[in-house]
Amino acid sequence: MTDAVFRRDWSSPVPRVVRASGIELFDADGRRYLDAVSGIYVANIGYGLGEIGEAMARQAAQVPFVYAGDFATEAETTLAERVVALAPDGLAKAYFTSGGSEANEVAFKIARRYQRAGGNESRWRIASRWQSYHGATMATLAASGKVSRRRDFLPYMLDFPKLPAVSLYRAPLGLTAQAYGEEQVREVERRLIQEDPASIAAIIIEPVTGAGSGALVPPPGYIRGLRALCDRHDILLIADEVVTGFGRTGAAFASSNLEALPDIITFGKGVAAGYAPLAGVLISSKVIERLERAAPSSLFTGYTYSGHAVSCAAGLAVLDYLDRHDLIAQVRKRESAFLARAQAAFGRHQLVGDIRGKGALMGIEFVADRESRAPLDPALGFHRRVVEAARGLGLLVRGEAGVVDGVSGDHVLVAPAFNATEAELDEIFAMLAVAIEQAARSLH
């Protein structure tokens with residue numbers, strides 16, 4: 001039977017999943033897959049939790065949908081209150097979308113309206129970092145720094161400035177982490193001056209990077225320096241927490257642990273943990289006050305399913321589950337052991353250069369030479385070899401290229417559900433060690 005679905009990769013058929021439970025997927029042929037990346041950093045509480053589906057069914061039977069431009073529902077307003085309560089101080093309002101790309105689009109629109117409300121008509125550009133990823137729409141792709149994902153659509157890309165990617169692993173030898181962070185802030189300021197700060201509405205960053213560069217944690221002083229630059233030039237700071245929000249780094253939001261707070265936080269993925277499409281934007285009091293003072297009329301967003309009642313009910317049920325099982329605290333407590341497992345399993349492998357991350361988000365960067373940190377030849381596609389070897393063993397991980405310069409540099413990510421058992425984590429890293437070795441042997 002021909003699959004009628006148009007898929008991103010049509011080079012080979014994909015298995016049909018017929019059952020999922022915990023962190024296990026089972027396809028139509030009965031094959032088991034151990035999901036070490038929560039689908040795509042989404043299924044933070046695992047699969048098959050009937051109570052989430054039951055909450056969605058109750059909402060669907062009561063009020064499945066109203067247009068948020070005309071009506072509110074209890075599910076939407078209650079979820080907004082819960083999300084704001086979890087957010088860092090100063091974040092005052094929440095707006096819901098269907099996915100992370102939409103959330104970042106809304107953030108850009110808010111930044112533009114904020115600047116216009118302040119009389120800054122020339123400010124429309126969104127600055128971002130190379131190797132970042134902020135979404136699949138044209139504006140969010142323009143703000144993304146992933147060369148491979150932008151290439152086909154360059155004619156549509158807006159003129160958004162790109163700032164340097166920041167990687168402690170690739171800091172100049174002999175430079176302290178603090179000094180590296182400060183130097184990177186100075187480089188950002190140089191780029192802003194070159195690009196003209198009066199044209200820039202906002203800077204968007206991932207507090208801990210996701211797929212694009214593999215769980216890079218910012219160096220000391222870097223976020224504080226960005227905050228100071230933004231304040232000096234009246235530029236908004238947007239934290240893209242589509243991957244990190246709702247517990248992935250061991251806090252409700254990774255921004256809570258930063259040296260300075262953003263003006264806007266975008267979130268997605270983990271808020272409904274894959275049980276329904278849901279994402280959103282958190283907006284600071286500072287931004288809300290200017291908008292309300294200078295532009296009291298509505299802000300056009302254009303999303304039919306914003307605040308969708310059934311999705312919001314799923315979000316509430318997921319937050320209840322996280323609270324009841326204290327899962328965010330568990331992620332925080334298990335962070336050291338999580339990284340230690342990887343170090344023990346393959347930390348000494350000759351092709352493993354760096355193992356890094358925060359909470360339950362881990363990146364493994366591969367190199368041709370550990371001493372010089374030289375990347376592998378991009379033509380080898382080493383990250384794909386690891387992902388394919390892992391899949392052959394029944395393990396799902398994610399891989400990317402370009403972490404060094406947009407083309408070279410391979411890494412894979414591990415990001416299991418927060419409630420993965422100790423035995424499952426042992427199995428994940430044992431299988432990944434085998435996959436890395438198989439991929440290494442395939443080079444010869």
Side-chain angles (χ1 to χ4, degrees), residues 1 3 5 7-54 211 215 243 247-248 269-270 272-276 314 318 321-322 325 327 330-331 334 337-339 341-342 344-346 349 355 357 359-364 382-400 411-442:
M1 179 178 174
D3 189 341
V5 177
R7 301 190 184 280
R8 182 177 67 178
D9 181 359
W10 53 82
S11 60
S12 59
V14 296
R16 297 191 183 192
V17 172
V18 296
R19 183 166 62 89
S21 177
I23 68 167
E24 296 177 314
L25 303 173
F26 298 87
D27 69 17
D29 295 323
R31 188 170 186 208
R32 169 192 183 251
Y33 302 88
L34 199 61
D35 187 354
V37 280
S38 305
I40 187 164
Y41 330 109
V42 175
N44 291 350
I45 58 174
Y47 302 104
L49 292 174
E51 63 198 81
I52 312 297
E54 290 164 6
V243 170
R248 179 53 66 184
K269 297 186 186 288
Y275 285 85
V318 168
Y321 188 90
L322 288 170
H325 296 277
L327 287 182
Q330 289 301 314
V331 170
R334 295 208 288 183
F338 186 58
L339 291 168
R341 269 187 170 91
F346 44 74
H349 193 282
I355 298 172
L361 179 63
M362 177 189 294
I364 300 124
F382 188 72
H383 68 283
R384 288 194 299 273
R385 294 173 188 249
V386 174
V387 170
E388 289 166 6
R391 193 181 185 94
L393 296 168
L395 177 70
L396 303 179
V397 294
R398 292 274 170 185
E400 292 267 359
H411 69 271
V412 297
L413 286 110
V414 178
F418 305 161
N419 48 0
T421 66
E422 297 294 311
E424 287 169 336
L425 292 176
D426 287 341
E427 188 176 5
I428 284 170
F429 288 111
M431 293 169 76
L432 185 52
V434 173
I436 291 170
E437 182 55 33
Q438 287 181 357
R441 287 201 301 267
S442 75

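Start at 1 with the first residue, then count along the sequence. Values reported hereafter were calculated over all heavy atoms of this structure, with side chains retained and with hydrogens, waters and symmetry mates removed.
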Would you find more than 12 non-hydrogen atoms of other residues, nucleotides or ligands less than 6.0 Å from Arg31 atom CZ? yes
Atom pair CG (Leu425) and CD1 (Ile23), whose distance is rounded to the nearest 0.5 Å: 7.0 Å
Ring pair (Phe, Tyr, Trp, His ring centres under 6.0 Å) filter on Phe338, not counting sequence neighbours, yields Phe429
Any donor-acceptor pair under 3.5 Å from Asp27 side chain to Asp29 backbone: yes
Locate the shortest heavy-atom distance separating Gly363 from Ala215; write the atom from each residue and the value. N-CB, 3.5 Å
Taking only residues two or more places apart in sequence, or in another chain, which ones meet Asp426 in a side-chain contact (heavy atoms from CB on, under 4.5 Å)? Arg341
Asn419 versus Tyr321: any side-chain heavy-atom pair under 4.5 Å? yes
State which residues pass ring pair (Phe, Tyr, Trp, His ring centres under 6.0 Å) with Tyr275; sequence neighbours excluded, sorted by chain then number. none
Sorted by chain and number, sequence neighbours left out, side-chain contact (heavy atoms from CB on, under 4.5 Å) with Ser442 holds for Arg385
Taking all heavy atoms of Ala440 and all of His349, pick out the closest pair and write down the distance. CB-CE1, 3.7 Å
Hey, can you pull the donor-acceptor pairs under 3.5 Å for the side chains in residues 43-54, sequence neighbours left out?
| residue | atom | partner | partner atom | Å |
| --- | --- | --- | --- | --- |
| Asn44 | OD1 | Arg248 | NH2 | 2.7 |
| Tyr47 | OH | Asp35 | OD2 | 2.5 |
| Glu51 | OE2 | Arg324 | NH2 | 2.1 |

Where is the tightest heavy-atom contact between Ser38 and Ala415, given as atom of each residue plus distance? OG-O, 2.7 Å
Sequence-distant partners of Arg32, side-chain hydrogen bond (donor to acceptor under 3.5 Å, both in side chains), two or more places apart: Glu24, Glu427
Partners of His325 by side-chain hydrogen bond (donor to acceptor under 3.5 Å, both in side chains), sequence neighbours excluded? none
Return each pair, listed once, that meets salt bridge (Lys or Arg N to Asp or Glu O under 4.0 Å) where at least one residue sits in residues 37-49; pairs must be two or more places apart or across chains. none
Hey, can you pull the donor-acceptor pairs under 3.5 Å for the side chains in residues 387-399, sequence neighbours left out?
| residue | atom | partner | partner atom | Å |
| --- | --- | --- | --- | --- |
| Arg398 | NE | Gly39 | O | 3.3 |
| Arg398 | NH2 | Gly39 | O | 3.1 |

Closest non-hydrogen atoms of Phe382 and Ile436, given as atom of the first, atom of the second and distance, are CZ-O, 4.2 Å
Which atom names give the shortest non-hydrogen contact between Gly270 and Val318, and what distance separates them? O-CG1, 3.9 Å
Quick check for you: to the nearest 0.5 Å, what is the distance between Met362 atom CE and Ile355 atom CD1? 6.5 Å
Minimum-distance pair of heavy atoms, taken over all atoms of Phe418 and Gly247: CZ-C, 3.4 Å
Across all chains, not counting sequence neighbours, the salt bridge (charged side-chain N to carboxylate O under 4.0 Å, His left out) partners of Glu424 are none
